[in-house]
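In what follows, a single structure is set out as structure tokens and then discussed.
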Amino acid sequence: MAKQLLLIDGNSIVFRAFFAMHNQMEKFTNQAGLHTAAIYGFKLMLDHILKEVQPDAALVAFDAGKTTFRTEKYADYKGSRDKTPGELVEQLPYVRKLVEASGLHAYELVNYEADDIIGTLAKEGDQAGFETMIVTGDRDLTQLATDHTTVAVTKRGVTQTEEFTPAYMQEKLGVTPRQYIDVKALMGDSSDNYPGVTKIGEKTAVSLIQEYGSLDGLYENIAAMKKSKRKENLINEEKIARECQDLATIRRDAPLAIGLKDIAYQGPDEAALIDLYQELDFKSFLKELGAQEGGAQVDQAPIEYQVLDEDNMALVDQLGATVCFQLEMPDANYHESPLAGFVIGDGKRWLVSRNADLLTTAPLKKLLEDPAVERDVFNAKAQLVGLHRLGVDLAGVDFDLLLASYLLNTSENANDLGVLAAAHDYHQVQTDEEVYGKGAKRAIPADDEVFFTHLAKKARAIRDLKEPLYQQLTDNEQLPLYEDIERPLSAVLAHMEITGIHVDAATLKEMGSKLVEREAELEQAIYQEAGEEFNINSPKQLGVILFEKMKLPVIKKTKTGYSTAVDVLEKLADRAPIVQDILAYRQISKLQSTYITGLLKVIHQDDQKIHTRYLQTLTATGRLSSVDPNLQNIPVRLEEGRQIRRAFTPSAPGWKIFSSDYSQVELRVLAHVTGDKNMQADFLAGKDIHAATAKRIFHLQSEDEVTPNMRRQAKAVNFGIVYGISDYGLAQNIHVSRPQAHEFIQSYFKEFPGVEKYVHDIVELAKQQGYVETLTHRRRYLPEIHAKSFTQRSFAERMAMNTPIQGSAADIIKIAMIRMEKALKERGLRARMLLQIHDELVFEAPEEEIAILEELVPSIMDSAVKLDVPLKVESKSGATWYDLKK
DNA sequence: CACTTCACG
DNA sequence: ACGTACGTGAAGTGG
């Protein structure tokens, strides 16, 4: 088989890719704000063509600059072109990098266009017996087609092409490739700005060339041509036609410094591609490489380890005073995950085992429980819980790779050691997904070598990343956040998770059976009203019933169809009785599936408790989240749902549930960080803040004049400020017109000038430094603050306003939790902290300790930090979580 | 696995 | 003109 030569017209493909993806251009930017759509499109084209042609030699030709021999000869050549957009120019260097990393040669030649390079090499290819494929976005190159050279011209996108061979050109255009030049000479080319002969377009040009064979043939025989205006033009403009012919002719003898022998194609340089994709944020392509090559980017060099067993435990005593440790739990839920093995080591030696029970034996248990040993881990909280299951009390941790990574960049919230290591440019450890697989195929490898190597490399990664990450925390002024807040908090959270909260299954089941009955009634009523049975839980089917069959007005649409969300249904409620029933059905079915069935599934049979997991390294703001199950969204707003809380009871008779929550903590933080004197004055005076806000923005004499509706609106404005206000959002929320909402905001800013200054300044700060911070220097990067897209940029601006507020509130309660845990211990109280719900702490305690908690908990919470306004804490207690009373 | 909906702060 | 309130998790549907 003949050798294959691939020649790509770089500039024209990049242009095509850029304009093909122009409408989604803003979706394709990397973190640094670089546009990447054209690079992306180019990559798609490249993949496509490399699949079709397996080249032995390949080259991408680029234009060297604006001036070429053509512009020297003809000043107007390409003179009408618009300036290349900046969004495209910035991508060109990356396209070259992509080309080179993909194993193709890139070439340009001063004074020549890419076409000429391609023409010259195609000729060399023909002579050397190659089969050549030329890929371009420019039809002019079809003149290069021969029996051994095919010209693929992109159409519409960049991956679909039309392939021009001499035969196809004859059939489609009626001329040969060589004749195509002469056709162009007569008709001209407006995009390249050469005119051709007056009044001759493509049709005429083609028929003339067909008749006379060529431009030369035409002028040789022109005297015999019938007298006409056209003949006159042809004669008068012969010079132009000859010039245009010269311009249209692609050179096949450009003085290239390279030849076919220099452009052998040997496949991609994966490491370079990975670096490039990382810089460009091409996640899907990164994934492809990882999947195809099994993590080729990871250094696969072996690591030395020793397998521990009962007989060589003495090795443990030889470890130094600083050890990296990991109890391996393959399932995310470490309360239940199998304990697959462990690794412990000090950098000199890595000891591994599949037998987690060894950890309960003397030298290892002692090492883990000795406060004098410095232990470094990945996810201290998980290690604490896992070891607790073995009866080992991990005494404390120095470096937690997961926690440190999260603080350095709260948006990089992966939960996998390999992924995070790679994010810190460390490539000597694989991800769990790579080693263990995913989905149903996920399993601990049976092969000792594979499993132990992975464990040892994880431990080594913890060790290798310790110094650089500590250094970065220090540089960011985040060391106190790490050492004084997050690290101690991980132990507090572990303790809360292990303690769990008692849930009475019988109560839930009883509620469940009542709900099932009511659900069935509503279901029948809905079918009746609809006149047919359908799946009420399917928004799609429901949409058909409501908006097609019953012809109710469509208020809002989603990506996929009609919206049937609450706010829509509420607007339709008085038009058809079915809507009320659907709302009621939804409410009940939510309670049933999420809160009755859902919670019953996660009550542990041995202790009748639910043990949630708090995710400490997930949210971008610094809040916790709660999973398996989520105990931070147990119903409270509506009475029917609130009943669920009856099932949450103390774990011992004679005990009670106790809860304290911060009152308006986010607004107090707002008053503090903005320094707004009016808002601070209202808080210092102990006022009802929403009423006080209403009095100010509605210009009332006293708070007595505030109507409930005014207070409600003021409250919404306060929330809006915290969320990063917009008139649109506020208008939606309180159902007023957008100008009206705008008025509210202006009035608010006038009354609270410090707040206005803050929302302006924080966005500027985010733009200037690239991130915002909370009270404790928790950081959130906002690269999209520079986005050109209004939507994206606006999002980032609201995050800039909201994150310091929400995040500082999170800081405050975290500090309180650490102090609270300590206080309970110091005072020898039996009370236990069970739940954190963002601004609320829930405890259980013996009845006789409730009075103590009523003093202690608020005093610790309200003194967690010193703000310019007081923190206010309210407490309640009761027999169950439902029954809490002041 | 994406999408929609709805529970919480 | 653009077109959204901030931060989460779970369940169900349907491709």
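Just so we're on the same page: letters track the sequence lines, and every chain starts at 1.
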So, does the side chain of [X] form a donor-acceptor pair with the base of [N] at under 3.5 Å?
X: A:Lys559; N: B:dC3; answer: no
X: A:Gln806; N: C:dC6; answer: yes
X: A:Ser726; N: C:dT4; answer: yes

From the set [options], return the single nucleotide nearest to any side-chain atom of [X].
X: A:Arg637; options: C:dT4, B:dC6, B:dG9; result: B:dG9
X: A:Lys540; options: C:dA5, C:dG9, C:dG14; result: C:dG14
X: A:Arg798; options: C:dT8, C:dT4, B:dG9; result: C:dT4
X: A:Phe719; options: B:dG9, C:dA10, C:dA5; result: C:dA5

Say you pick atom P in C:dG3 and the same atom in B:dC6; how far apart are they, in whole Å?
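Straight-line distance between the two P atoms is 25 Å.
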Atom C1', compared across B:dA7 and C:dC2: separation rounded to whole Å:
32 Å
Any Lys/Arg nitrogen of [X] or [Y] sitting under 4.0 Å from an Asp/Glu carboxylate oxygen of the other?
X: A:Arg780; Y: A:Glu773; answer: no
X: A:Glu497; Y: A:Lys381; answer: yes
X: A:Glu743; Y: A:Lys750; answer: no

Would you indicate, yes or no, if [N] has its OP1 or OP2 atom less than 4.0 angstrom from a side-chain nitrogen or oxygen of [X]?
X: A:Gln836; N: B:dG9; answer: no
X: A:Asn537; N: C:dA11; answer: no
X: A:Thr564; N: B:dT5; answer: yes
X: A:Arg623; N: C:dT8; answer: no

Report yes if some heavy atom in the side chain of A:Gln664 is under 4.5 Å from a heavy atom in the side chain of A:Lys872; otherwise report no.
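In short, these two side chains do not touch, never coming nearer than 4.5 Å.
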Close side-chain approach of A:Arg711 to A:Asp688, heavy-atom, < 4.5 Å:
yes
Stacking check A:Phe795 vs C:dT4 (5.5 Å / 30 deg)
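Per 5.5 Å and 30° rule: no stacking.
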